[in-house]
Peer 1: 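Sending over a structure as structure tokens; questions will come in a sec.
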Amino acid sequence: MKDLLAIRDQIDQVDNEITALYLKRMQLTSEVAEYKIQTGKKVFDKERERSKLEKLSSLVSGSFLKNGVRELFEHLMSISRKRQYQLLTEHGIEIPRHFKEVTKISAENARIVFQGVRGAYAHIAMIEYFGGETNSFHVASWREAMEAIQSGEADYAVLPIENSTAGVVAENYDLLMEYDNYIVGEQIIPIRHCLLGLPQAEISDITSVYSHPQALAQCDRYLQQHEEWDCARENNTAVAACKVKESGKINKAAIASELTANLYGLKILEKDIQTSSENSTRFIIVANQKIFLKDAQKMSICLEVKHKSGSLYHALSHIIYNDLNMNFIQSRPLKEGEGTNWQYRFFIDFKGNLNESAVQNALRGLAEECENIRVLGNY
């Protein structure tokens, strides 16, 4: 039996040879890139790579070794392409952006739409982002808000996209794909739920509580202490407050914000009744224009990949290889007519700006190698 150290010495020698060959291969890759730059030929030649992988894997026997050779050269080819994308950018060949750079997103001379009514958390997010003096209106649904900016009735819409405890607002991700609208900003609002009643009401009077289903869920621990209360769902926390106000009954209460209490003249019976003190909701500011802030630091994209093993991994490698920090990924099933069952679209957020070469490199690679990709915004 060979000594382990002797075997490791031999492995080290082979690794050194592999490294030398890798460097030689990458030099040839650069020459390929130079040729493609001169001729305008695309970097990704899917058919050639497929044929090459089949030929290389045929040089060995056994499924384990065949799969290993295929995986090894898939990685080498992927790294080669990424280097070629970098060289294209270094030669000033940028991908079409179609996004216009702006210095700020302003409410001046703009009309803003939000879902719900005054006092809703979307209303609070609008005030926090744009300020208190805005030309705004509200609609009943998120779809109506998207339609308002699509039609030009409004310039910006404020929509919830994710809650730290309840998760994503899936419908709004689907609407981002359905409408030709873009994310231009975001606002994170801490969720501080209050129990609101009529001015003359006391907690001992309450028998019924109204609120949005998520707000009720976010206050479940508090509500469990009052099992005698009937809880009813409403479309919005502020709508629930309106219902309490209009009822004129001291036994009815709503779960909503402190601002809602001030707007509708309701009494705060108890503050901070949410289960989690870290609860917050992320709202996005959406417009019908392809604009991005000069100092934007977050990219939102969505993409579709082939329904086969490794496709998502290879797509994400473009983000990883360019040292871009991915901080969010969410899948949504493709709708009827878009694909077959159990196929998905992926929404991804990562740190970066459209002006950065690393972002350009990643987007170039994704555009060439994914089935479909769309930039949702840079903000």
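Predicted model only: the values in this text are computed from it and were never measured.
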Peer 1: Using the rule given for salt bridge (charged side-chain N to carboxylate O under 4.0 Å, His left out), can you reason through Lys306 versus Glu369, listing the C-alpha separation, both sets of side-chain angles and the distance that settles it, and then say yes or no?
Peer 2: CA-CA 10 Å; Lys306 279 191 176 296; Glu369 298 176 27; over 6 Å; no
Peer 1: Given Tyr182 and Phe292, is the ring-ring contact (aromatic ring centres under 6.0 Å, His included) satisfied, shown in steps?
Peer 2: CA-CA 9 Å; Tyr182 301 88; Phe292 74 103; over 10 Å; no
Peer 1: If we ignore angles and hydrogens, is there a donor and acceptor under 3.5 Å between the side chains of Gln86 and Thr89?
Peer 2: no
Peer 1: Given Glu49, which of Arg70, Lys55, Arg81 fulfils the salt bridge (Lys or Arg N to Asp or Glu O under 4.0 Å) condition?
Peer 2: Arg81
Peer 1: Is the His138 ring parallel, tilted or perpendicular to the Phe114 ring (thresholds 30°, 60°)?
Peer 2: tilted
Peer 1: Any side-chain donor paired with an acceptor under 3.5 Å for Glu74 and Ser78?
Peer 2: no
Peer 1: Report, as yes or no, whether the 6.0 Å neighbourhood of atom CD on Glu71 holds more than 12 heavy atoms from other residues, nucleotides or ligands.
Peer 2: no
Peer 1: Can you see whether Thr237 engages Tyr210 through a side-chain donor-acceptor pair at a distance of less than 3.5 angstrom?
Peer 2: no
Peer 1: Start with the C-alpha gap between Gln150 and Asn181, add the side-chain angles, then the distance that decides, and say whether side-chain contact (heavy atoms from CB on, under 4.5 Å) holds.
Peer 2: CA-CA 7 Å; Gln150 180 92 7; Asn181 297 327; 3.2 Å; yes
Peer 1: Among Asn322, Ile320, Asn327, find the residue that satisfies the side-chain contact (heavy atoms from CB on, under 4.5 Å) test when tested with Leu324.
Peer 2: Asn322
Peer 1: Strictly below 4.0 Å, N to O, side chains only: are Glu202 and Lys267 in salt-bridge contact?
Peer 2: yes
Peer 1: Centroid-to-centroid, His123 to Phe283, below 6.0 Å?
Peer 2: no
Peer 1: Do you know which two heavy atoms are closest between Ala315 and Leu366, and how far apart they sit?
Peer 2: O-CD2, 3.2 Å
Peer 1: Quick one: do Ile124 and Ile273 end up in the same hydrophobic cluster if we chain Ile, Leu, Val, Met, Phe, Trp and Tyr together by side-chain heavy atoms under 4.5 Å apart?
Peer 2: no
Peer 1: More than 12 non-hydrogen atoms from neighbouring residues, nucleotides or ligands closer than 6.0 Å to CD on Glu133, yes or no?
Peer 2: no
Peer 1: Would you please test Val113 and Glu153 for side-chain contact (heavy atoms from CB on, under 4.5 Å) and show each step?
Peer 2: CA-CA 9 Å; Val113 61; Glu153 185 182 357; over 6 Å; no
Peer 1: Would Lys82 pass as a cation-pi partner of Tyr321, given that its NZ or CZ must be under 6.0 Å from the six-membered ring centre and within 45 degrees of the axis?
Peer 2: yes
